[in-house]
Student: 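Next up is a structure, given as structure tokens.
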Amino acid sequence: MTTLGIASLNFIHSDRGERSYRDSSLWKSDEWKKCIVAGAAQAFSTRLPEVTFGTTLPDTIARIAPEIARIALDNYEASSSLAAFRPDGFSSAAIAIGSERGWSPNERTILRNGGFTFVHLGARVLRTETACVAAVTLVKATLGLL
């Protein structure tokens, strides 16, 4: 994600997320910082994204500026694809991507109330890291940022 030039990564504790990821040594040892720096180096960039871990979904949504388009990937309730989504009037976007198990009904309600539009990447359920790359690439292309 750093290689693609995103501004921030916000890792939340989702209702259906794998619990062992929360307790990963990646977070305790700050190993994640090495991954961020390596991604920036690969892209010949000196800008690192802001990274948060362990915040709640409502708190993360509250930090999103109003002038940013809000998109949530969801294979179960989205009526259109991300490829067809046109964030008219926006120059940047926040993309909410859940775990492979998807968003819980409560999280969908929080996202809707936070102004997110549900979209999908197709019929296949993707691993989170694959969905991240696909979604960011599509959104950046749509916004003319590639």
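Note: hydrogens, waters and symmetry copies are ignored here, and every other heavy atom, side chains too, is used.
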Student: Mind checking the CD1-CG spacing from Ile36 to Leu9? Nearest 0.5 Å is all I need.
Tutor: 5.5 Å
Student: Is the shortest heavy-atom distance from the side chain of Asp88 to the side chain of Phe90 under 4.5 Å?
Tutor: no
Student: Side chains of Arg112 and Phe118: does their closest heavy-atom pair fall under 4.5 Å?
Tutor: yes
Student: Taking Ile95 as the starting point, is it possible to reach Leu111 by hopping between hydrophobic residues whose side chains are less than 4.5 Å apart?
Tutor: no
Student: Look up atom OH in Tyr76 and atom NE2 in His120, then write down how far apart they are to the nearest 0.5 Å.
Tutor: 13.0 Å
Student: What I'd like to find out is whether the side chain of Val119 reaches to under 4.5 Å of the side chain of Asp74, using heavy atoms alone.
Tutor: no
Student: Distance from His13 atom NE2 to Leu57 atom CG, nearest 0.5 Å?
Tutor: 12.5 Å
Student: Taking atom OG1 of Thr52 and atom CG of Asn10, what is their separation to the nearest 0.5 Å?
Tutor: 3.5 Å
Student: Please answer: with hydrophobic residues joined when any side-chain heavy atoms are less than 4.5 Å apart, are Leu143 and Leu121 in the same cluster?
Tutor: yes
Student: Using modelled atom types only, decide if a donor and an acceptor are shared between the side chain of Lys140 and the backbone of Ala135 within a distance under 3.5 Å.
Tutor: no
Student: Answer with yes or no whether the hydrophobic clustering places Val51 together with Val37; edges join I, L, V, M, F, W, Y residues whose side-chain heavy atoms lie under 4.5 Å apart.
Tutor: yes
Student: Do you know which two heavy atoms are closest between Arg70 and Gly114, and how far apart they sit?
Tutor: NH1-O, 2.7 Å
Student: Return the OG to CD1 distance between Ser104 and Ile110, rounded to the nearest 0.5 Å.
Tutor: 7.0 Å
Student: Can a donor-acceptor pair be found, under 3.5 Å and without considering hydrogens, that links the side chain of Thr130 to the backbone of Leu126?
Tutor: no
Student: Minimum heavy-atom separation for Gly39 to Thr2, with atom names?
Tutor: C-CG2, 3.9 Å
Student: Hey, any chance Ile64 and Leu73 share a hydrophobic cluster, counting ILVMFWY side chains that come within less than 4.5 Å of each other, even indirectly?
Tutor: no
Student: Under 4.0 Å between a side-chain nitrogen and a carboxylate oxygen: does that hold for Glu50 and Arg63?
Tutor: yes
Student: Checking side chain to side chain contact (heavy atoms under 4.5 Å, CB included) for the pair Phe85/Thr142: CA distance, chi angles, key distance, verdict?
Tutor: CA-CA 8 Å; Phe85 183 73; Thr142 298; over 6 Å; no
Student: Counting C-beta onward and ignoring hydrogens, is there a side-chain heavy-atom pair between Thr56 and Asp59 closer than 4.5 Å?
Tutor: yes
Student: From Asp15 CG over to Glu107 CD, what is the distance, rounded to the nearest 0.5 angstrom?
Tutor: 3.5 Å
Student: Counting only heavy atoms from other residues, nucleotides and ligands, does the tally under 6.0 Å from CZ of Arg86 exceed 12?
Tutor: yes
Student: Which label fits Phe53 and Trp27: parallel for a plane angle under 30°, tilted from 30 to 60°, or perpendicular past 60°?
Tutor: parallel
Student: Which atom pair, heavy atoms only, marks the closest approach of Arg16 to Trp103?
Tutor: NH1-O, 3.1 Å
Student: Looking only at non-hydrogen atoms, find the nearest pair between Arg127 and Glu100 and report the distance.
Tutor: CA-OE2, 3.2 Å
Student: Do Leu82 and Leu145 share a hydrophobic cluster, counting only Ile, Leu, Val, Met, Phe, Trp and Tyr and linking them when any side-chain heavy atoms are less than 4.5 Å apart?
Tutor: yes
Student: Please report the shortest heavy-atom distance between Ile97 and Cys132, naming the atom on each side.
Tutor: CD1-CA, 3.6 Å
Student: What are the two closest heavy atoms between Gly122 and Asn75, and how far apart are they?
Tutor: O-ND2, 3.5 Å
Student: May I ask you to decide if Ala41's main-chain N or O and Ser45's side chain share a donor-acceptor pair within less than 3.5 Å?
Tutor: no
